[in-house]
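Residue numbers run from 1 in the order of the sequence given.
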Amino acid sequence: KVVAVVWVLSKQTMEHIDRISHRVAISSAFGLILGASISTLRGMSLPRTSIAAAASCAMAATACLGAERLFNVSMSYGNIPGGLAEDYTRRLYTSYAAGGLVGGALVGGALRKKPLPGAVAFLPVMLLVARAELELEEYRDVRLRELATTTSVGQSKDM
């Protein structure tokens, strides 16, 4: 029994780490493109600027999204009044807002020694990411339903 519980916990932990790493990779790719654009417009070194922008985006994404996952997981297991643990949309927005505040404060404190402007800057960004994630999940659900109906209709015609 103990081995099974440890395996389940480690599998869930790996799923959270995978979720963060996918989003950090997207953020890094965005940073590369942003850095290439900045270096082209300003006449700076392309590799140096692109890598620096990608590293900055990856660091900010790791701080914000890591904090978001911690808040989301703790809210899903905790006994929170108001039904926040059961309402997926509210929990997602709340965890992204908290991740933006905490991660932004970490980034702002590390880079400029001013955590409050970092928290204020990353809060709306993380709320936009939460909105985009909900829209993407809704689109995915609609497409899966469409595929399921076309597959079931195709199978019934074949019979």
Do [X] and [Y] make a side-chain contact, defined as non-hydrogen atoms from C-beta onward lying under 4.5 Å apart?
X	Y	value
Tyr96	Arg131	no
Phe122	Leu101	no
Val102	Phe71	yes
Met59	Leu111	yes
Arg145	Asp141	yes
Val125	Leu123	no
Met75	Ser95	yes
Ser21	Asp18	yes

Practice task
Return the set of residues passing salt bridge (Lys or Arg N to Asp or Glu O under 4.0 Å) with Arg48 (not counting sequence neighbours), or none when no residue passes.
Solution key: none
Fill in the blank from the handout: Taken in chain and number order and not counting sequence neighbours, the residues that satisfy salt bridge (Lys or Arg N to Asp or Glu O under 4.0 Å) with Glu15 are none
Working to the nearest 0.5 Å, report the span between [atom1] of [X] and [atom2] of [Y].
X	Y	atom1	atom2	result
Thr149	Leu147	OG1	CG	7.5 Å
His22	Ile20	NE2	CD1	11.5 Å
Glu138	Glu135	CD	CD	5.5 Å
Asn72	Leu65	CG	CG	11.5 Å

How close do [X] and [Y] get, heavy atom to heavy atom, and via which atoms?
X	Y	result
Ser50	Gly35	OG-C, 3.6 Å
Pro124	Ala121	CD-O, 3.6 Å
Gly104	Cys64	N-SG, 3.8 Å
Cys57	Ser27	O-OG, 3.0 Å
Leu32	Ile51	CD2-N, 4.4 Å

Problem - Hphob cluster co-occupancy, Tyr93 + Met126, side-chain heavy atoms under 4.5 angstrom - result: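 Yes, one cluster joins them.
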Exercise for the section: Treating Ile, Leu, Val, Met, Phe, Trp and Tyr as nodes and any side-chain heavy-atom pair under 4.5 angstrom as an edge, say whether Leu92 and Leu127 lie in one connected cluster. Expected result: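 As far as the 4.5 Å side-chain criterion goes, Leu127 and Leu92 are connected within one cluster.
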Practice task
May I ask you to check whether over 12 heavy atoms, not counting those of Phe30, lie within 6.0 Å of atom CZ?
Solution key: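 Open.
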Handout entry: Polar contact flag, side-chain donor to acceptor under 3.5 angstrom, Glu137-Tyr88
Key = yes
Problem - Partner residues of His16 under the side chain to side chain donor-acceptor pair (under 3.5 Å) criterion, sequence neighbours left out - result: Arg69
Handout entry: Glu133 and Arg23 ion-paired at < 4.0 Å
Key = yes
